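To start, the structure itself, in structure tokens.
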Amino acid sequence: MAEANWYVVHTYSGYENKVKANIDKTIENRHLEDQILEVRVPMLDVAELKNGVKKQVQKKMFPGYVLINMIMNDDTWYVVRNTRGVTGFVGPGSKPVPLTDMEMHNLGIKTEGVTVDFEEGDTVTVIGGVWKDTIGVIQSMNHNKQIVTINVDLFGRETPVEISFAEVKKTY
């Protein structure tokens, strides 16, 4: 099987999140989860001063661009290239050029695999983020995206939540 790489896609300015949503929907509809692994709109936390009040807001790191981790073939190229709002891949002509490991590292995206001491069915405690101190049982794991899905109690109902590997630890 071919190796997945990160590619940069140029979009109309302001359409980044819409393009991400459209590609995610197409992945689901065409069952391309094993070929197009992740779609990202890189965000940056910025302190903004408005009316004398300092606020933390998220701004797009690269307006007009979306990052896609995918296995490049005719099908995936066609799906991404023909998504509404996409103007093309970054690269010479119609040949997309994958980002190098150094470029990925500069963006803060880890390419190496993470080894974890938990697996499906284990009980974990969330140690960071919105669900901090929540305890749940791992329902599924996605090693490519480095996330686990756990069920949490929300308004008296079991609700599946995706959490990064870095934000959970095994409960013994």
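Just the heavy atoms: all of them, side chains too, but no hydrogens, waters or symmetry mates, feed the values below. Predicted model only: the values in this text are computed from it and were never measured.
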- [ ] Please name all residues satisfying side chain to side chain donor-acceptor pair (under 3.5 Å) with Thr134, sequence neighbours left out, ordered by chain then number.
- [x]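 Partners of Thr134 under the side chain to side chain donor-acceptor pair (under 3.5 Å) test: none.
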Open item on the list: Quick check on side chain to side chain contact (heavy atoms under 4.5 Å, CB included): which of Val168, Ile147, Val152 does Ile163 satisfy it with?
Closed with: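 Result for side chain to side chain contact (heavy atoms under 4.5 Å, CB included) with Ile163: Val168.
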Open item on the list: Name the residue from Val9, Ile23, Val66 that meets the side chain to side chain contact (heavy atoms under 4.5 Å, CB included) definition with Thr83.
Closed with: Ile23
Nearest heavy-atom neighbours spanning [X] and [Y]:
X      : Y      : result
Arg81  : Val86  : NH1-O, 3.6 Å
Thr76  : Met70  : OG1-CE, 3.6 Å
Gln56  : Asp45  : NE2-CB, 3.9 Å
Pro160 : Thr149 : CB-CG2, 3.9 Å
Arg84  : Asn22  : O-ND2, 3.8 Å
Phe62  : Pro42  : CD1-CG, 4.0 Å

Task: Whether Phe89 and Tyr7 hold their rings parallel, tilted or perpendicular, with breakpoints at 30° and 60° - done: perpendicular
- [ ] Begin with the C-alpha distance, continue with both residues' side-chain angles, and end with the deciding distance and a verdict on side chain to side chain contact (heavy atoms under 4.5 Å, CB included) for Ile138 and Val124.
- [x] CA-CA 7 Å; Ile138 298 176; Val124 292; 3.6 Å; yes
Taking atom [atom1] of [X] and atom [atom2] of [Y], what is their separation to the nearest 0.5 Å?
X      : Y      : atom1 : atom2 : result
Asp122 : Glu120 : CG    : CD    : 9.5 Å
Glu158 : Ile150 : CD    : CD1   : 10.0 Å
Lys132 : Thr125 : NZ    : OG1   : 11.5 Å
Ile71  : Leu37  : CD1   : CG    : 6.0 Å
Lys169 : Ile127 : NZ    : CD1   : 6.5 Å
Thr26  : Leu32  : OG1   : CG    : 8.5 Å

Just wondering, do [Y] and [X] contact through their side chains at under 4.5 Å, heavy atoms?
X      : Y      : value
Val8   : Leu67  : yes
Val126 : Asp133 : no
Ile68  : Val80  : yes
Pro98  : Trp6   : no

Task: From CA spacing to verdict: salt bridge (Lys or Arg N to Asp or Glu O under 4.0 Å), Arg157, Asp153 - done: CA-CA 5 Å; Arg157 286 188 168 168; Asp153 188 34; over 6 Å; no
Open item on the list: Between Tyr65 and His10, is the ring centroid distance below 6.0 Å?
Closed with: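 Judged by ring-centre distance (under 6.0 Å), Tyr65 and His10 do meet the cut-off.
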- [ ] Check whether the side chains of Asn73 and Gln35 place a donor and an acceptor atom closer than 3.5 Å, and report yes or no.
- [x]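 Their side chains do contain a donor-acceptor pair, which is all the 3.5 Å distance test asks for.
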For [X], I'd like to know if atom [atom1] has over 12 heavy atoms of other residues, nucleotides or ligands within 6.0 Å.
X      : atom1 : result
Phe118 : CZ    : yes
Asn29  : CG    : yes
Lys170 : NZ    : yes

TODO: Verify side chain to side chain contact (heavy atoms under 4.5 Å, CB included) between Val90 and Val97, making sure each step is shown before the conclusion.
DONE: CA-CA 7 Å; Val90 172; Val97 176; over 6 Å; no
Task: Pairing of Lys59 and Glu48 as salt bridge, 4.0 angstrom limit - done: yes
- [ ] Flag the pair Glu16 and Lys18 as a salt bridge only when some basic side-chain nitrogen lies within less than 4.0 angstrom of an acidic carboxylate oxygen.
- [x]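 The answer is no: the pair does not qualify as a salt bridge.
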Task: Connected via hydrophobic side-chain network under 4.5 Å: Phe155 and Ile135 - done: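 No; Ile135 is not reachable from Phe155 via cluster members.
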- [ ] Examine distances only and state if a side-chain atom of Asn82 and a backbone atom of Val79 form a donor-acceptor pair shorter than 3.5 Å.
- [x]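 Pair absent, no side-chain N/O of Asn82 close to backbone of Val79.
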TODO: Might you work through the side chain to side chain contact (heavy atoms under 4.5 Å, CB included) test for Asp24 and Glu28, ending with a clear yes or no?
DONE: CA-CA 6 Å; Asp24 286 340; Glu28 187 180 322; over 6 Å; no
- [ ] Report the C-alpha separation of Met43 and Lys60 in whole Å, then their side-chain angles, then the decisive distance to 0.1 Å, and conclude whether the side chain to side chain contact (heavy atoms under 4.5 Å, CB included) test is met.
- [x] CA-CA 5 Å; Met43 302 296 268; Lys60 291 181 182 87; 3.8 Å; yes
